[in-house]
Amino acid sequence: MGVTPVADGIVVPVERTATLRATVGHAAAEAAEAGADALHFVYLAAWRDDDPHVERLRQDATDLLEQVAVWAEYDLEDANAPDLRIETAILGTDAYLFGPGQYAERLHEYADANELGTVLLDPEYTPVGNTALLQPMEFELSSTGLTVREAPVDRPSRRERIVSELTGLRFGAVFALSLLFYFVLGDPTYPFDFVTGVASAAIVAITLSQVTLDHDPTLETPKRIVRGAVYVPVLLWEILKSNVVVARVILSPSLPIEPTTTRMRVLVGSGLPLTTLANSITLTPGTLTVRASDEDLIVHTLIPWAREGLFEGSLERWTRLIFYGREAARLPTPKERGDCDVLQGPDATADLPFAETDGGERVEDAAESKSEVTDE
Amino acid sequence: MEPLTTVRVALIAVFTLLGLFFTFVSMTGVIRLPDVYSRAHTASQADTLGAGFALAAVALTVGLAGSGFKSVLLLFFIFVTNPTAAHAIARAAFEDGNVPWTEGDERR
(Lines give C-alpha, C1' and ligand atoms only; values in the text may rest on other atoms or scores of the structure.)
Protein backbone atom coordinates (compact mmCIF):
# COMPACT_ATOMS: atom_id res chain seq x y z
CA MET A 1 0.00 0.00 0.00
CA GLY A 2 1.42 3.37 -1.00
CA VAL A 3 1.61 5.81 1.87
CA THR A 4 -0.41 8.92 1.13
CA PRO A 5 0.98 12.14 2.55
CA VAL A 6 -0.28 12.92 6.02
CA ALA A 7 0.36 16.50 6.96
CA ASP A 8 -1.35 16.79 10.30
CA GLY A 9 -1.59 13.78 12.55
CA ILE A 10 -2.71 10.21 13.06
CA VAL A 11 -5.04 8.74 15.69
CA VAL A 12 -5.04 5.02 16.43
CA PRO A 13 -7.71 3.40 18.62
CA VAL A 14 -6.08 0.54 20.53
CA GLU A 15 -7.08 -2.61 22.37
CA ARG A 16 -5.18 -5.73 23.33
CA THR A 17 -5.12 -7.64 20.05
CA ALA A 18 -2.72 -10.02 18.36
CA THR A 19 -1.89 -7.39 15.74
CA LEU A 20 -1.51 -4.41 18.07
CA ARG A 21 2.28 -4.44 18.09
CA ALA A 22 2.45 -4.54 14.29
CA THR A 23 -0.16 -1.80 14.01
CA VAL A 24 1.81 0.47 16.34
CA GLY A 25 4.95 -0.20 14.30
CA HIS A 26 3.14 0.65 11.11
CA ALA A 27 1.61 3.78 12.58
CA ALA A 28 5.01 5.01 13.74
CA ALA A 29 6.59 4.31 10.36
CA GLU A 30 3.77 5.99 8.49
CA ALA A 31 3.81 9.05 10.72
CA ALA A 32 7.56 9.46 10.39
CA GLU A 33 7.55 8.94 6.65
CA ALA A 34 4.75 11.43 6.05
CA GLY A 35 6.22 14.03 8.37
CA ALA A 36 3.18 14.07 10.63
CA ASP A 37 3.44 16.19 13.77
CA ALA A 38 1.30 14.11 16.11
CA LEU A 39 0.62 10.43 16.73
CA HIS A 40 -2.18 9.75 19.20
CA PHE A 41 -3.19 6.42 20.67
CA VAL A 42 -6.64 6.33 22.24
CA TYR A 43 -8.54 3.76 24.27
CA LEU A 44 -12.32 3.80 23.94
CA ALA A 45 -13.70 2.88 27.34
CA ALA A 46 -16.48 0.34 27.74
CA TRP A 47 -17.24 1.61 31.25
CA ARG A 48 -18.49 4.80 32.88
CA ASP A 49 -16.40 6.51 35.51
CA ASP A 50 -19.43 6.61 37.81
CA ASP A 51 -19.55 2.84 38.05
CA PRO A 52 -18.08 1.13 41.09
CA HIS A 53 -14.98 -1.04 40.61
CA VAL A 54 -13.77 0.60 37.43
CA GLU A 55 -10.26 1.24 38.81
CA ARG A 56 -9.02 -2.08 37.49
CA LEU A 57 -10.38 -1.43 34.00
CA ARG A 58 -8.93 2.06 33.96
CA GLN A 59 -5.58 0.78 35.22
CA ASP A 60 -5.62 -1.85 32.49
CA ALA A 61 -6.27 0.76 29.81
CA THR A 62 -3.59 3.08 31.23
CA ASP A 63 -1.06 0.24 31.26
CA LEU A 64 -1.88 -0.64 27.68
CA LEU A 65 -1.51 2.96 26.53
CA GLU A 66 1.85 3.29 28.33
CA GLN A 67 3.04 0.11 26.68
CA VAL A 68 1.92 1.34 23.27
CA ALA A 69 3.69 4.68 23.78
CA VAL A 70 6.91 2.88 24.71
CA TRP A 71 6.66 0.74 21.57
CA ALA A 72 6.07 3.76 19.39
CA GLU A 73 9.01 5.67 20.87
CA TYR A 74 11.23 2.67 20.34
CA ASP A 75 10.11 2.41 16.72
CA LEU A 76 10.77 6.09 16.16
CA GLU A 77 14.31 6.08 17.57
CA ASP A 78 15.80 5.27 14.19
CA ALA A 79 13.41 7.44 12.24
CA ASN A 80 14.25 11.05 11.65
CA ALA A 81 11.16 12.66 13.11
CA PRO A 82 12.09 15.10 15.85
CA ASP A 83 8.82 17.01 15.69
CA LEU A 84 6.57 13.99 16.10
CA ARG A 85 4.71 13.99 19.42
CA ILE A 86 3.21 10.81 20.83
CA GLU A 87 0.15 11.17 23.02
CA THR A 88 -2.36 8.84 24.63
CA ALA A 89 -5.88 9.26 25.94
CA ILE A 90 -8.85 7.33 27.28
CA LEU A 91 -12.12 8.37 25.64
CA GLY A 92 -15.77 7.86 26.42
CA THR A 93 -15.71 7.39 30.20
CA ASP A 94 -18.74 9.63 30.70
CA ALA A 95 -21.22 7.22 29.11
CA TYR A 96 -21.54 3.63 27.98
CA LEU A 97 -20.65 3.49 24.32
CA PHE A 98 -23.03 1.62 22.10
CA GLY A 99 -22.43 0.52 18.59
CA PRO A 100 -20.15 1.67 15.83
CA GLY A 101 -21.85 5.07 15.50
CA GLN A 102 -20.90 6.22 18.98
CA TYR A 103 -17.39 4.85 18.75
CA ALA A 104 -16.93 6.71 15.49
CA GLU A 105 -18.42 9.87 17.00
CA ARG A 106 -16.02 9.87 19.95
CA LEU A 107 -13.04 9.29 17.64
CA HIS A 108 -14.19 12.08 15.36
CA GLU A 109 -14.62 14.54 18.25
CA TYR A 110 -11.18 13.68 19.52
CA ALA A 111 -9.59 13.96 16.08
CA ASP A 112 -11.23 17.36 15.53
CA ALA A 113 -10.21 18.67 18.93
CA ASN A 114 -6.60 17.67 18.33
CA GLU A 115 -6.51 18.49 14.62
CA LEU A 116 -5.77 14.96 13.53
CA GLY A 117 -6.76 14.08 9.98
CA THR A 118 -6.20 10.34 9.76
CA VAL A 119 -7.57 7.35 11.62
CA LEU A 120 -5.48 4.21 11.44
CA LEU A 121 -7.32 1.06 12.45
CA ASP A 122 -5.90 -2.16 13.77
CA PRO A 123 -7.58 -4.84 11.59
CA GLU A 124 -8.18 -6.93 14.71
CA TYR A 125 -9.59 -4.00 16.71
CA THR A 126 -12.72 -5.26 18.44
CA PRO A 127 -14.63 -2.60 20.34
CA VAL A 128 -16.74 -4.17 23.10
CA GLY A 129 -15.41 -7.59 22.17
CA ASN A 130 -17.32 -7.63 18.94
CA THR A 131 -15.34 -8.10 15.73
CA ALA A 132 -18.40 -7.36 13.61
CA LEU A 133 -18.26 -3.72 14.73
CA LEU A 134 -15.07 -2.83 12.88
CA GLN A 135 -16.51 -2.51 9.38
CA PRO A 136 -19.58 -0.49 10.41
CA MET A 137 -17.25 1.76 12.37
CA GLU A 138 -15.07 2.32 9.31
CA PHE A 139 -18.23 3.17 7.41
CA GLU A 140 -19.38 5.67 10.04
CA LEU A 141 -15.94 7.25 10.11
CA SER A 142 -15.81 7.57 6.34
CA SER A 143 -18.66 10.08 6.43
CA THR A 144 -16.78 12.41 8.80
CA GLY A 145 -14.15 13.74 6.43
CA LEU A 146 -11.38 11.89 8.22
CA THR A 147 -9.05 9.66 6.26
CA VAL A 148 -9.58 6.09 7.43
CA ARG A 149 -7.18 3.25 6.80
CA GLU A 150 -6.59 -0.23 8.11
CA ALA A 151 -3.01 -0.96 9.04
CA PRO A 152 -1.63 -3.42 6.47
CA VAL A 153 -0.37 -5.94 8.99
CA ASP A 154 -0.32 -9.71 8.85
CA ARG A 155 -3.24 -11.17 10.72
CA PRO A 156 -3.04 -14.47 12.45
CA SER A 157 -5.33 -16.93 10.72
CA ARG A 158 -8.67 -17.78 12.25
CA ARG A 159 -7.51 -21.28 12.92
CA GLU A 160 -4.71 -20.12 15.18
CA ARG A 161 -7.04 -17.82 17.03
CA ILE A 162 -9.54 -20.56 17.77
CA VAL A 163 -6.86 -22.91 19.01
CA SER A 164 -5.30 -20.30 21.25
CA GLU A 165 -8.61 -19.27 22.76
CA LEU A 166 -9.71 -22.84 23.33
CA THR A 167 -7.13 -23.25 26.06
CA GLY A 168 -8.74 -20.55 28.16
CA LEU A 169 -11.36 -20.22 30.78
CA ARG A 170 -14.09 -19.88 28.18
CA PHE A 171 -13.67 -23.49 27.13
CA GLY A 172 -13.84 -24.63 30.73
CA ALA A 173 -16.92 -22.57 31.49
CA VAL A 174 -18.88 -23.74 28.46
CA PHE A 175 -17.76 -27.33 29.00
CA ALA A 176 -18.83 -27.29 32.66
CA LEU A 177 -22.18 -25.72 31.88
CA SER A 178 -22.99 -28.18 29.07
CA LEU A 179 -21.91 -31.12 31.20
CA LEU A 180 -24.01 -29.96 34.11
CA PHE A 181 -27.05 -29.59 31.85
CA TYR A 182 -26.49 -33.07 30.38
CA PHE A 183 -26.21 -34.63 33.83
CA VAL A 184 -29.35 -32.89 35.00
CA LEU A 185 -31.22 -34.56 32.15
CA GLY A 186 -29.38 -37.87 32.38
CA ASP A 187 -27.82 -39.87 35.18
CA PRO A 188 -24.11 -39.23 35.85
CA THR A 189 -23.72 -42.49 37.78
CA TYR A 190 -24.70 -44.50 34.72
CA PRO A 191 -21.47 -45.03 32.71
CA PHE A 192 -23.12 -44.63 29.30
CA ASP A 193 -24.60 -41.25 30.25
CA PHE A 194 -21.30 -40.18 31.76
CA VAL A 195 -19.27 -40.95 28.64
CA THR A 196 -21.76 -39.45 26.18
CA GLY A 197 -22.13 -36.42 28.46
CA VAL A 198 -18.41 -35.70 28.51
CA ALA A 199 -18.20 -36.23 24.75
CA SER A 200 -21.16 -33.94 24.01
CA ALA A 201 -19.94 -31.24 26.38
CA ALA A 202 -16.51 -31.37 24.73
CA ILE A 203 -18.03 -31.03 21.26
CA VAL A 204 -20.20 -28.12 22.39
CA ALA A 205 -17.27 -26.40 24.09
CA ILE A 206 -14.94 -26.88 21.09
CA THR A 207 -17.42 -25.59 18.55
CA LEU A 208 -19.27 -22.94 20.52
CA SER A 209 -17.18 -21.58 23.40
CA GLN A 210 -15.93 -18.73 21.23
CA VAL A 211 -19.43 -17.84 20.13
CA THR A 212 -21.12 -18.16 23.52
CA LEU A 213 -18.72 -16.04 25.55
CA ASP A 214 -16.84 -13.01 24.33
CA HIS A 215 -15.07 -12.40 27.62
CA ASP A 216 -13.28 -14.75 29.95
CA PRO A 217 -15.29 -15.46 33.08
CA THR A 218 -13.85 -13.45 35.97
CA LEU A 219 -14.27 -13.42 39.73
CA GLU A 220 -17.25 -11.20 39.08
CA THR A 221 -19.08 -13.99 37.19
CA PRO A 222 -20.13 -16.17 40.18
CA LYS A 223 -21.30 -13.04 41.99
CA ARG A 224 -23.42 -12.12 39.01
CA ILE A 225 -24.93 -15.59 38.92
CA VAL A 226 -25.86 -15.39 42.61
CA ARG A 227 -27.35 -11.92 42.22
CA GLY A 228 -29.16 -13.15 39.10
CA ALA A 229 -30.66 -15.99 41.14
CA VAL A 230 -31.98 -13.44 43.64
CA TYR A 231 -33.49 -11.51 40.75
CA VAL A 232 -35.52 -14.49 39.44
CA PRO A 233 -38.20 -14.50 42.21
CA VAL A 234 -38.38 -10.69 42.03
CA LEU A 235 -39.00 -10.88 38.30
CA LEU A 236 -41.56 -13.68 38.75
CA TRP A 237 -43.43 -11.53 41.27
CA GLU A 238 -43.42 -8.57 38.88
CA ILE A 239 -44.69 -10.82 36.09
CA LEU A 240 -47.45 -12.20 38.32
CA LYS A 241 -48.58 -8.72 39.38
CA SER A 242 -48.71 -7.33 35.85
CA ASN A 243 -50.38 -10.48 34.56
CA VAL A 244 -53.26 -10.01 36.98
CA VAL A 245 -53.60 -6.30 36.16
CA VAL A 246 -53.47 -6.87 32.41
CA ALA A 247 -55.88 -9.81 32.65
CA ARG A 248 -58.39 -7.57 34.37
CA VAL A 249 -58.04 -4.95 31.67
CA ILE A 250 -58.48 -7.48 28.87
CA LEU A 251 -61.50 -9.18 30.43
CA SER A 252 -63.32 -5.98 31.33
CA PRO A 253 -66.06 -5.24 28.76
CA SER A 254 -64.95 -1.67 28.06
CA LEU A 255 -61.35 -2.74 27.32
CA PRO A 256 -59.80 0.28 29.10
CA ILE A 257 -56.43 0.32 27.35
CA GLU A 258 -54.37 3.42 26.63
CA PRO A 259 -51.48 2.16 24.54
CA THR A 260 -48.60 4.53 23.91
CA THR A 261 -45.06 4.21 22.74
CA THR A 262 -42.36 5.53 25.03
CA ARG A 263 -38.66 6.00 24.90
CA MET A 264 -36.41 5.43 27.88
CA ARG A 265 -32.70 6.13 28.07
CA VAL A 266 -31.31 3.38 30.26
CA LEU A 267 -28.04 3.30 32.15
CA VAL A 268 -26.87 -0.23 31.50
CA GLY A 269 -23.99 -1.42 29.37
CA SER A 270 -24.45 -2.92 25.93
CA GLY A 271 -24.56 -6.66 25.41
CA LEU A 272 -25.81 -8.94 28.16
CA PRO A 273 -26.97 -6.21 30.63
CA LEU A 274 -29.07 -4.49 27.98
CA THR A 275 -30.48 -7.81 26.79
CA THR A 276 -31.41 -8.77 30.34
CA LEU A 277 -33.21 -5.49 30.89
CA ALA A 278 -34.99 -5.45 27.52
CA ASN A 279 -36.13 -9.05 27.94
CA SER A 280 -37.33 -8.44 31.50
CA ILE A 281 -39.39 -5.52 30.23
CA THR A 282 -40.88 -7.65 27.47
CA LEU A 283 -41.61 -10.57 29.83
CA THR A 284 -43.71 -8.30 32.02
CA PRO A 285 -47.15 -7.98 30.41
CA GLY A 286 -48.06 -4.36 29.75
CA THR A 287 -44.60 -3.34 28.57
CA LEU A 288 -42.93 -4.50 25.36
CA THR A 289 -39.49 -3.58 24.07
CA VAL A 290 -39.96 -2.65 20.44
CA ARG A 291 -36.49 -1.39 19.61
CA ALA A 292 -33.20 -1.14 21.35
CA SER A 293 -31.17 1.48 19.55
CA ASP A 294 -28.04 1.90 21.58
CA GLU A 295 -28.99 3.03 25.09
CA ASP A 296 -32.47 4.15 24.01
CA LEU A 297 -35.17 1.57 24.50
CA ILE A 298 -38.40 2.10 22.58
CA VAL A 299 -41.02 0.51 24.83
CA HIS A 300 -44.68 0.05 23.95
CA THR A 301 -46.90 0.25 27.02
CA LEU A 302 -50.47 -1.00 27.15
CA ILE A 303 -51.84 0.79 30.21
CA PRO A 304 -50.75 3.82 32.28
CA TRP A 305 -50.08 1.60 35.28
CA ALA A 306 -47.43 -0.33 33.36
CA ARG A 307 -45.93 2.90 32.03
CA GLU A 308 -45.57 4.36 35.52
CA GLY A 309 -43.92 1.15 36.70
CA LEU A 310 -41.53 1.26 33.77
CA PHE A 311 -40.51 4.87 34.45
CA GLU A 312 -39.91 4.04 38.12
CA GLY A 313 -37.07 1.92 36.79
CA SER A 314 -37.08 -0.96 39.25
CA LEU A 315 -36.05 -3.43 36.54
CA GLU A 316 -33.21 -1.13 35.53
CA ARG A 317 -32.00 -0.99 39.13
CA TRP A 318 -32.12 -4.76 39.40
CA THR A 319 -30.17 -5.15 36.18
CA ARG A 320 -27.52 -2.78 37.48
CA LEU A 321 -27.42 -4.70 40.76
CA ILE A 322 -26.80 -7.97 38.94
CA PHE A 323 -24.06 -6.68 36.67
CA TYR A 324 -22.40 -3.87 38.60
CA GLY A 325 -23.07 -4.61 42.26
CA ARG A 326 -25.11 -3.05 44.99
CA GLU A 327 -23.68 0.47 44.94
CA ALA A 328 -24.51 0.79 41.24
CA ALA A 329 -28.18 0.08 41.92
CA ARG A 330 -28.60 3.32 43.84
CA LEU A 331 -29.48 5.85 41.22
CA PRO A 332 -32.36 8.17 40.43
CA THR A 333 -35.26 6.66 38.53
CA PRO A 334 -35.42 7.29 34.78
CA LYS A 335 -38.26 9.68 35.48
CA GLU A 336 -36.18 11.76 37.91
CA ARG A 337 -33.27 11.77 35.47
CA GLY A 338 -35.56 13.05 32.74
CA ASP A 339 -34.68 10.07 30.58
CA CYS A 340 -38.27 9.22 29.67
CA ASP A 341 -40.22 10.39 26.65
CA VAL A 342 -43.75 9.61 25.60
CA LEU A 343 -43.85 9.41 21.83
CA GLN A 344 -47.58 9.24 21.17
CA GLY A 345 -50.86 10.68 22.33
CA PRO A 346 -51.69 13.90 24.22
CA ASP A 347 -48.65 13.70 26.52
CA ALA A 348 -46.20 13.23 23.66
CA THR A 349 -42.83 14.89 24.21
CA ALA A 350 -41.10 13.58 21.09
CA ASP A 351 -41.87 11.99 17.73
CA LEU A 352 -41.86 8.35 16.80
CA PRO A 353 -38.36 7.68 15.50
CA PHE A 354 -39.23 6.10 12.18
CA ALA A 355 -36.55 6.33 9.53
CA GLU A 356 -37.46 8.94 6.94
CA THR A 357 -36.98 6.62 4.02
CA ASP A 358 -38.76 3.49 5.14
CA GLY A 359 -42.10 4.50 3.63
CA GLY A 360 -43.83 4.17 6.97
CA GLU A 361 -47.00 6.11 7.66
CA ARG A 362 -46.61 8.99 10.07
CA VAL A 363 -49.00 10.17 12.72
CA GLU A 364 -49.38 13.86 11.98
CA ASP A 365 -52.35 14.49 14.20
CA ALA A 366 -51.37 12.39 17.18
CA ALA A 367 -51.77 15.36 19.52
CA GLU A 368 -55.27 16.10 18.27
CA SER A 369 -56.72 12.64 18.61
CA LYS A 370 -57.91 12.85 22.16
CA SER A 371 -61.36 11.40 21.68
CA GLU A 372 -62.61 8.99 24.31
CA VAL A 373 -62.09 5.33 23.67
CA THR A 374 -65.36 3.84 22.54
CA ASP A 375 -66.73 0.41 23.20
CA GLU A 376 -66.75 -2.02 20.39
CA MET B 1 -42.93 -41.75 43.32
CA GLU B 2 -44.77 -40.46 46.35
CA PRO B 3 -48.48 -41.11 46.48
CA LEU B 4 -50.80 -38.34 45.41
CA THR B 5 -52.32 -36.89 48.55
CA THR B 6 -55.56 -34.95 48.49
CA VAL B 7 -53.75 -31.67 49.07
CA ARG B 8 -51.48 -32.32 46.14
CA VAL B 9 -54.34 -33.25 43.86
CA ALA B 10 -56.11 -30.07 44.88
CA LEU B 11 -53.00 -27.97 44.22
CA ILE B 12 -52.53 -29.66 40.85
CA ALA B 13 -56.12 -28.84 39.95
CA VAL B 14 -55.72 -25.22 41.06
CA PHE B 15 -52.51 -24.75 39.08
CA THR B 16 -54.00 -26.34 35.97
CA LEU B 17 -57.04 -24.10 36.19
CA LEU B 18 -54.88 -21.00 36.71
CA GLY B 19 -52.78 -21.99 33.71
CA LEU B 20 -55.93 -22.45 31.65
CA PHE B 21 -57.28 -19.12 32.89
CA PHE B 22 -54.23 -17.12 31.82
CA THR B 23 -54.06 -18.93 28.48
CA PHE B 24 -57.74 -18.00 28.00
CA VAL B 25 -57.03 -14.36 28.91
CA SER B 26 -54.15 -14.33 26.48
CA MET B 27 -56.32 -15.73 23.68
CA THR B 28 -59.08 -13.22 24.44
CA GLY B 29 -56.55 -10.42 24.36
CA VAL B 30 -55.17 -11.48 20.99
CA ILE B 31 -58.70 -11.32 19.58
CA ARG B 32 -59.81 -8.10 21.29
CA LEU B 33 -56.76 -5.86 21.21
CA PRO B 34 -56.36 -3.48 18.26
CA ASP B 35 -52.84 -3.88 16.86
CA VAL B 36 -49.76 -6.05 16.62
CA TYR B 37 -47.97 -4.36 19.54
CA SER B 38 -50.74 -4.67 22.09
CA ARG B 39 -51.35 -8.25 20.99
CA ALA B 40 -47.71 -9.04 21.62
CA HIS B 41 -48.21 -7.94 25.25
CA THR B 42 -50.97 -10.39 25.86
CA ALA B 43 -49.41 -13.21 23.85
CA SER B 44 -46.60 -13.24 26.40
CA GLN B 45 -49.15 -13.93 29.14
CA ALA B 46 -49.85 -17.39 27.78
CA ASP B 47 -46.14 -18.09 27.79
CA THR B 48 -45.33 -16.72 31.21
CA LEU B 49 -48.16 -17.54 33.58
CA GLY B 50 -50.18 -19.89 31.34
CA ALA B 51 -47.27 -22.20 30.70
CA GLY B 52 -45.84 -21.39 34.13
CA PHE B 53 -48.83 -22.70 36.07
CA ALA B 54 -49.29 -25.66 33.70
CA LEU B 55 -45.67 -26.67 34.21
CA ALA B 56 -45.99 -26.18 37.97
CA ALA B 57 -48.90 -28.62 37.86
CA VAL B 58 -46.77 -31.05 35.87
CA ALA B 59 -43.92 -30.74 38.36
CA LEU B 60 -46.30 -31.46 41.23
CA THR B 61 -47.76 -34.46 39.44
CA VAL B 62 -44.51 -36.22 38.56
CA GLY B 63 -42.64 -35.10 41.69
CA LEU B 64 -39.64 -32.77 41.82
CA ALA B 65 -37.18 -35.62 42.28
CA GLY B 66 -37.65 -37.09 38.83
CA SER B 67 -38.83 -35.32 35.73
CA GLY B 68 -40.27 -32.41 37.71
CA PHE B 69 -36.96 -30.61 37.55
CA LYS B 70 -37.11 -30.83 33.78
CA SER B 71 -40.32 -28.83 33.76
CA VAL B 72 -38.51 -26.10 35.69
CA LEU B 73 -35.86 -26.15 32.98
CA LEU B 74 -38.59 -26.01 30.33
CA LEU B 75 -40.00 -22.91 32.00
CA PHE B 76 -36.54 -21.37 32.05
CA PHE B 77 -36.15 -21.87 28.30
CA ILE B 78 -39.62 -20.46 27.65
CA PHE B 79 -38.69 -17.40 29.71
CA VAL B 80 -35.54 -16.90 27.70
CA THR B 81 -37.08 -17.42 24.26
CA ASN B 82 -40.48 -15.76 24.67
CA PRO B 83 -39.28 -12.15 25.00
CA THR B 84 -36.86 -12.68 22.16
CA ALA B 85 -39.67 -13.78 19.84
CA ALA B 86 -42.03 -11.03 21.03
CA HIS B 87 -39.33 -8.45 20.51
CA ALA B 88 -38.53 -9.79 17.03
CA ILE B 89 -42.18 -9.50 15.98
CA ALA B 90 -42.64 -6.02 17.46
CA ARG B 91 -39.40 -4.81 15.98
CA ALA B 92 -40.27 -6.16 12.54
CA ALA B 93 -43.61 -4.33 12.70
CA PHE B 94 -41.87 -1.14 13.80
CA GLU B 95 -39.21 -1.31 11.10
CA ASP B 96 -42.02 -1.76 8.62
CA GLY B 97 -43.41 1.61 9.73
CA ASN B 98 -46.44 0.19 11.51
CA VAL B 99 -47.70 3.04 13.74
CA PRO B 100 -48.84 1.77 17.15
CA TRP B 101 -52.56 2.18 17.76
CA THR B 102 -53.53 4.94 20.18
CA GLU B 103 -56.83 6.23 21.49
CA GLY B 104 -58.96 7.74 18.77
CA ASP B 105 -57.31 5.80 15.98
CA GLU B 106 -59.85 4.59 13.40
CA ARG B 107 -58.23 1.20 12.90
CA ARG B 108 -59.64 -1.30 15.28
Side-chain angles (χ1 to χ4, degrees), chain A residues 181 184-185 232 235-236 239-240 242-244 246-251 255 257-261 275 278-292 298 300-303 306 343-346 348 352-355 358-363 365-366 368-374 376, chain B residues 18 21-22 24-50 52-53 67 69-70 72-73 75-76 78-108:
Chain A
F181 181 63
V184 165
L185 296 184
V232 169
L235 181 63
L236 283 177
I239 289 172
L240 189 72
S242 346
N243 254 299
V244 172
V246 170
R248 207 162 66 193
V249 167
I250 285 172
L251 293 181
L255 196 66
I257 55 167
E258 288 176 36
T260 34
T261 315
T275 312
N279 275 4
S280 304
I281 289 173
T282 306
L283 263 178
T284 322
T287 51
L288 170 74
T289 313
V290 175
R291 288 239 38 185
I298 307 276
H300 186 262
T301 58
L302 193 61
I303 46 176
L343 304 180
Q344 278 188 306
L352 280 173
F354 283 126
D358 65 358
E361 4 165 6
R362 287 189 154 270
V363 190
D365 54 351
E368 290 149 35
S369 53
K370 285 184 187 174
S371 60
E372 290 295 305
V373 72
T374 44
E376 289 175 353
Chain B
L18 277 174
F21 171 75
F22 281 107
F24 171 76
V25 169
S26 167
M27 182 202 72
T28 315
V30 169
I31 294 171
R32 290 193 73 190
L33 288 169
D35 72 343
V36 59
Y37 304 100
S38 36
R39 284 181 178 143
H41 286 283
T42 188
S44 80
Q45 287 190 289
D47 271 357
T48 52
L49 283 198
F53 278 120
S67 311
F69 192 69
K70 288 178 191 165
V72 176
L73 278 177
L75 192 62
F76 170 75
I78 289 176
F79 270 49
V80 172
T81 50
N82 160 47
T84 314
H87 172 70
I89 292 169
R91 183 183 158 145
F94 196 78
E95 302 247 301
D96 208 32
N98 196 323
V99 178
W101 184 93
T102 47
E103 276 178 71
D105 200 323
E106 292 302 311
R107 298 172 292 158
R108 185 106 193 203

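The structure displayed is predicted, hence computed values, not measured ones. Chain identifiers are assigned alphabetically (A, B, ...) following the order of the sequence lines, protein sequences preceding nucleic acid strands; residue numbering begins at 1 within each chain.
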Query raised in the report: A/I239 versus B/F79: any side-chain heavy-atom pair under 4.5 Å?
Result: yes
Query raised in the report: Looking only at heavy atoms, what is the nearest atom pair of B/L33 and A/I250, with distance?
Result: CD1-CD1, 4.3 Å
**Report entry** Heavy-atom contact with chain A under 4.5 Å, split by part of B/F53
**Finding:** side chain
Query - Structural part of B/L73 lying under 4.5 Å from a heavy atom of chain A - result: side chain
Query - Flag side-chain contact, heavy atom, 4.5 Å: A/I257 against B/W101 - result: yes
Requested in this report: Would you check if A/L251 and B/F21 make a side-chain contact, meaning some heavy-atom pair closer than 4.5 Å?
Outcome: yes
Requested in this report: Examine whether an atom of A/L240 lies under 4.5 Å from a heavy atom of chain B, and if so say whether it belongs to the side chain, the backbone or both; otherwise answer neither.
Outcome: both
Report summary line: Taken in chain and number order and not counting sequence neighbours, the residues that satisfy ring pair (Phe, Tyr, Trp, His ring centres under 6.0 Å) with B/H41 are A/H300
Report task. Quick one: which of A/L302, A/N243, A/L235 has the most heavy-atom pairs under 4.5 Å with chain B, could you say? Result -> A/N243
Query - Choice from A/V246, A/L236, A/V244, A/T260 maximising heavy atom contacts with chain B below 4.5 Å - result: A/V246
Query raised in the report: Roughly how far, to the nearest 0.5 Å, is the NZ atom of B/K70 from the CG atom of A/L185?
Result: 6.0 Å
Requested in this report: Select, from B/T48, B/L49, B/N82, B/T42, the one with the greatest count of heavy-atom pairs under 4.5 Å involving chain A.
Outcome: B/L49
Query - Proximity breakdown for B/T84 and chain A, heavy-atom pairs closer than 4.5 Å - result: both
Do any side-chain atoms of residues 281-291 of chain A form donor-acceptor pairs under 3.5 angstrom with protein atoms, and if so which ones, sequence neighbours left out?
from: A/T282; atom 1: OG1; to: A/A278; atom 2: O; distance (Å): 3.0
from: A/T282; atom 1: OG1; to: A/T289; atom 2: N; distance (Å): 3.3
from: A/T282; atom 1: OG1; to: A/T289; atom 2: OG1; distance (Å): 3.2
from: A/T284; atom 1: OG1; to: A/S280; atom 2: O; distance (Å): 2.7
from: A/T287; atom 1: OG1; to: A/I281; atom 2: O; distance (Å): 2.8
from: A/T287; atom 1: OG1; to: A/T284; atom 2: O; distance (Å): 3.2
from: A/T289; atom 1: OG1; to: A/A278; atom 2: O; distance (Å): 2.9
from: A/R291; atom 1: NH1; to: B/E95; atom 2: OE2; distance (Å): 2.3

